[in-house]
Amino acid sequence: MAMLEVKNLGISFGGLRAVDEFNIKIEEGQLYGLIGPNGAGKTTVFNMLTGVYTPTDGSIVLDGQNITGKKTVEINKAGIARTFQNIRLFTEQTVIDNVKIGLHNEKQYSMLTGILRLPKYKKIEKEMDEKALELLKVFDLDGEADLLAKNLPYGKQRKLEIARALATNPKLLLLDEPAAGMNPNETEELMKTIRFVRDHFKMTVLLIEHDMKLVSGICEELTVLNFGQVLCQGKTMDVLSNPEVIKAYIGD
Amino acid sequence: MKNLKKSSKDHLITYGILLLVYIVAEILIKTGNMSSLMQGILVPVCVYSLVAIGLNLCVGYLGELSLGHAGFMCVGAFCGAYTTKMLQGTINNEILLFTIALVVGVIMAALFGFLVGIPVLRLKGDYLAIVTLAFGEIIKNIINVLYIAKCSDGMKVAITDGGAIEVDEAIGEMWLVNGAKGINRIPHLSNFTIGMILIFVALFVVFHLVDSRSGRAIMAIRDNRIAAESVGINITKYKMMAFVISAAIAGAGGVLYAHNLSTLTATPTNFGYNMSIMILVFVVLGGMGSFRGSIIAATILTILPEGLRGLADYRMLIYSVLLISMMLFNWAPAAVNWKKKVMASINNKTSKKGQVE
Ligand SMILES: Nc1ncnc2c1ncn2[C@@H]1O[C@H](COP(=O)(O)OP(=O)(O)OP(=O)(O)O)[C@@H](O)[C@H]1O
Ligand SMILES: [Mg+2]
């Protein structure tokens, strides 16, 4: 069974058909890339997969579970976590607290337990701290745990978003342009980290990226979107050598 | 972990300052060194501090503007005073009587917070400000036309038409709520000590709430709603939680307020729009998200106008100069940096001591 199977997904904004007849099938443990020119509809696909937008047509099945039309919160609980193209961190909170917020449903205690500081509070908070630090270490952010998220440099903010998404213990991780704004060294490092995340957490990853070096370096399969429609789909090397893709996207 | 310790240290400082203020004030009273004017505003200071703490939770941590917290205070005041009047003959222990009134007032304010929250907190955008503003005005007007009396043949309730109920005080009948005349002859159960205890309890609740899983969820919604949803946080639930607790604390302030007066009426000055704005001023001047700041601002801005009464003409002038300087002290970059430096040096000193031990 595929980890993600999307059929005939489509959405219209007023008269604009932003995404049309979108199909994709991602196997468990795959590193999958979604590429295409600006405005092609890539982020819109992510927004539909995560319930930010309700699709006008089509179906989304995650690991056998139909999640079409579900709310963002339910979809996260079902197993999809994401990052955002325009970074969305909890800016006024510390780096470690950002990850602990990601652990919200993984490690729970009630409001009253928190206010009364019952023994369970201490126990769960300790578990949260440990788990959060472990995740921060993966992204080499453990040294900045007590900084406010807004004071992190740009590249590290992107990494923190991934750490926070992973904290929700997803089956499928969606990354929207994770390398945007990073320098070549940071991008190189990010590629290693994404591979590590996939191997270490046995994660399935779908990522949007404009950086061709990253895409060809780590993605096993690709889907190319153009004007809201799938232009080409398949093994990374085949897709990138497809003349139509070169014309529509790379030759741009 | 380090972060946790730092915030609890900060809480301890706040508790310490409050305790010190309480002790000094009590000594001044006992030794006869506090004017009766000052003694008279100690309870109001506690009342406004409480309501400001509640509002700060809503504005500073949830990031939602409420312009009707005087309304929740009003609910707490009337429900609390009503309970006291009902139980007055039955329960003679004053502390117990006040505690029951407090519980009722707080629960009713929380309930109204919940009812106001149901339609509004699901919406995205700034609807809360408008709805709470209306709520504050409506609740005040309803109370002004509400008549409840304890008569020999049972309880009687009337809306608008108070004349329909005849009350003969000679045979032990009495008004519980008498329309615009409000609630009369409320036993004077509030005092400075009770006010301070309530502030301590409120701080205990909000400090611990903010520094817990639920508090982080509340602040996550404030910082970025879409991201909060994306990590599985139930937005409505946590908005509601913060708002209801906020209303409940304002209700506690109301109960304290009511038992400090012999006659409780709902007028535009005590529970109207102006009061809501005044509390908001305390919160903003004290610093959003700083409960200690809310208390300090409420205290200074309540004591000052009274203290300046003798200066008559210059009173408003001095008051506004003070408002502006507090604003500068809180928001001007230079002042903010200076405060940070002071706080850092205090923290350094204490943590160095900690290392040696
Ligand atoms: N909420 C919305 N309302 C109206 N139009 C929208 C909305 N969201 C997206 N669009 C439109 O849908 C199209 C696809 O946008 P989308 O953000 O998905 O592109 P993208 O492929 O992610 O581009 P980029 O590479 O620049 O991030 C654009 O024309 C955009 O203006
Ligand atoms: Mg995009």
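In what follows, chains are A, B, ... by sequence order, proteins preceding strands, each numbered from 1. Computed from a predicted structure; not experimentally measured.
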> Got Val45(A) and Ile208(A) here, is their nearest side-chain heavy-atom distance under 4.5 Å?
Replying inline: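 In short, these two side chains do not touch, never coming nearer than 4.5 Å.
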> Taking the side chain as C-beta and beyond, is there a heavy-atom pair between Met3(A) and Gln30(A) under 4.5 Å?
Replying inline: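 They are not in side-chain contact.
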Using non-hydrogen atoms only, which part of [X] is less than 4.5 Å away from chain B: side chain, backbone, both, or neither?
X         : value
Tyr109(A) : both
Gln108(A) : both
Leu89(A)  : backbone
Thr168(A) : side chain

> Looking just at side-chain N and O atoms, do Tyr238(B) and Ser214(B) make a donor-acceptor pair shorter than 3.5 Å?
Replying inline: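 Checked: Tyr238(B)/Ser214(B) side chains show no N/O donor-acceptor pair below 3.5 Å.
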> Are Tyr15(B) and Phe200(B) an aromatic pair by the rule of ring centers under 6.0 Å?
Replying inline: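 Between Phe200(B) and Tyr15(B), which both carry aromatic rings, the centre distance is below 6.0 Å.
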> With a 6.0 Å cut-off on ring centres, are His69(B) and Phe282(B) close enough?
Replying inline: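 Not close enough - the centres of the two rings lie 6.0 Å or further apart.
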>> For Ile245(B), which atoms come within 4.5 Å of any heavy atom of chain A: side chain, backbone, both, or neither?
In response: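 The answer is the side chain of Ile245(B).
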> What part of Ser212(B) lies closer than 4.5 angstrom to a heavy atom of chain A: side chain, backbone, both or neither?
Replying inline: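 When you check distances to chain A, atoms from both the backbone and side chain of Ser212(B) fall under 4.5 Å.
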> Which of the residues Lys71(A), Arg164(A), Glu161(A) is involved in the greatest number of heavy-atom pairs with chain B at under 4.5 angstrom?
Replying inline: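 Maximum pair count with chain B is reached by Arg164(A).
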> Near Glu28(A) CD, under 6.0 Å, is it more than 12 heavy atoms from other residues, nucleotides or ligands?
Replying inline: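 Check fails, neighbour count at 12 or below.
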> Taking every heavy-atom pair that is under 4.5 Å apart, which of Ala217(B), Gly215(B), Ala228(B) has the most such pairs with chain A?
Replying inline: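 Ranked by heavy-atom pairs under 4.5 Å with chain A, first place is Ala228(B).
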